[in-house]
There are 2 protein chains.
Amino acid sequence: MSVKKSTNGLAMRPFARSLPMQLLRAREALMQQFRPHLRARGLSEQQWRVVRALVETGSMEINTLGEACQIHPASLSRMLPNLEKEGRIERRADPDDQRYTIVSITAKGRALFERVAKESEEIYRAIERRIGSHDVKLLYDLLDKTIRAAPAASSRE
Amino acid sequence: MSVKKSTNGLAMRPFARSLPMQLLRAREALMQQFRPHLRARGLSEQQWRVVRALVETGSMEINTLGEACQIHPASLSRMLPNLEKEGRIERRADPDDQRYTIVSITAKGRALFERVAKESEEIYRAIERRIGSHDVKLLYDLLDKTIRAAPAASSRE
DNA sequence: GCCAGATACTTAACATGTTAAGTTTATGGA
DNA sequence: TCCATAAACTTAACATGTTAAGTATCTGGC
């Protein structure tokens, strides 16, 4: 009996077998390992994603950056002024098309990245050791497959 | 060469190989399938989690409910009055210990659940078909393992 | 019975998620 | 050239995430 009849009389997967729920739980479990470390460096989880994406790719416009770190452009519009005030990033209009705002990392932001990345990698390796590198690889593959399996608004099959 | 040297001169996994990031992407991809449906029923993603948890378990105190649906008690304190105003849940103090607030689902809330669950299961089945039920099961196992691998604040090994 | 310390929320404050509406800049066609 | 439309943000409004502080209730020891 894999599907449990609950008091509502309607069969539904138990809550623990909701894929979004388990993805959330897994992510939360992992982030609890990283948050104290980021917090100690004065970075929110989202700010770290922005910094990391910019270091990796150099510079990007808002929409691309949002896609890269899974943060809505509207949220970025609010976040970026703060990161800029702290001297971690820079913004300038694209000279070829004034509609675009090009965001880039500063030397200060890059230095911050170096420090955080080092510790972050250590935490990551500890987690990978616990799960096992084979299973981590398998998990990545299944997550990729899940992402591909969900038709995005942009790419309908 | 599995680890790429980026312009910062420090080796770090590429962003796409961040487990929290991929978990977020996968979850987002799935939720995009469900959100329009929930929205049409006047439910936020979080409200649906609360309703679903209550239908499954009957009634719970705030902290247990928060654990069940991964919503912080502070957020629940803000959300529950709304759900109560809409007649979907009820709250009452535990007669044995006034500190506890017992939350339960109403008949109206249960009826809402029935309707949403039906459509929700259809969407879920479509997703499972795309990924393949074998891989879905494997994914659940790996997520469980990931959750267990991250030491919680409450249970240090 | 009384009180210091726990417990279980609740509030408050600020950041982010999410959607809709508004603004500025480009583009393509009449 | 002019204008309707589109594109790329930006703002605004409201819900939720997150932490710290505050409030009401219990518990255990004296």
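Reminder, nothing fancy here: chain letters follow the sequence lines and each chain counts from 1.
- When rounded to the nearest whole Å, the span between CG of Asn82(A) and C1' of dA15(C) equals 9 Å.
- Note on Ile71(B): only backbone sugar-phosphate atoms sit closer than 4.0 angstrom, heavy atoms only; bases stay farther off.
- Atom CD of Gln98(B) is separated from atom P of dC9(C) by 12 Å (rounded to the nearest Å).
- The side chain of Tyr100(B) approaches dT7(C) more closely than any other nucleotide in the set dT18(D), dG17(C), dT7(C).
- Listed pair Asn63(B) / dC9(C) meets the phosphate criterion, a side-chain N or O lying under 4.0 Å from OP1 or OP2.
- Rounded to an integer number of Å, the gap from Asp97(B) CG to dA8(C) P is 8 Å.
- Taking atom NE2 of His72(A) as the reference point, atom P of dA21(C) lies 14 Å away to the nearest angstrom.
- Using a 4.5 Å cut-off between side-chain heavy atoms of Ile, Leu, Val, Met, Phe, Trp and Tyr, with links allowed through other members, Leu142(B) and Ile147(A) fall into different hydrophobic clusters.
- Between Arg35(B) and Glu28(B) there is a salt bridge, since a side-chain N of the basic residue sits under 4.0 Å from a carboxylate O of the acidic one.
- Rounded to whole angstrom, the span from the CD atom of Glu67(B) across to the P atom of dA8(C) amounts to 14 Å.
- Using a 4.0 Å heavy-atom distance criterion, Ser77(B) is classed as a base contact.
- Regarding Asp96(B), its CG atom lies at a distance of 15 Å from the P atom of dT25(D), rounded to whole Å.
- Remark: Gln46(A) is in phosphate contact with dG17(C), judged by side-chain N or O atoms under 4.0 Å from OP1 or OP2.
- The phosphate of dT10(D) has OP1 or OP2 within less than 4.0 Å of a side-chain N or O from Thr101(A).
- For the pair Arg17(B) and Asp144(A), the salt-bridge criterion is met [side-chain N within less than 4.0 Å of a carboxylate O].
- Between Asp141(B) and Lys145(B) no salt bridge is recorded (no basic side-chain N to carboxylate O distance below 4.0 Å).
- The distance from atom CD of Glu28(A) to atom C1' of dT19(D) is 14 Å, rounded to the nearest whole Å.
- Checking dT18(D), dG17(C), dA8(C) against every side-chain atom of Arg99(B), the shortest atom distance belongs to dA8(C).
- Whole-Å rounding puts the Ile62(B) CD1 to dT11(C) P distance at 11 Å.
- Look at Arg78(A) and you won't find any side-chain N or O under 4.0 angstrom from OP1 or OP2 of dC9(D).
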Discussion item. Would Arg49(A) and Gln46(A) count as a side-chain hydrogen bond (donor to acceptor under 3.5 Å, both in side chains) here? Give the steps.
Written reply: CA-CA 5 Å; Arg49(A) 296 215 298 274; Gln46(A) 292 85 350; 5.4 Å; no
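- Arg35(B) has a side-chain polar atom (N or O) that falls below the 4.0 Å cut-off from OP1 or OP2 of dT18(C).
- Which of dA20(C), dT16(D), dG17(C) sits closest to the side chain of Ala74(A) comes down to dA20(C).
- For dT16(C), the OP1/OP2 oxygens have a side-chain nitrogen or oxygen of Ser44(A) closer than 4.0 Å.
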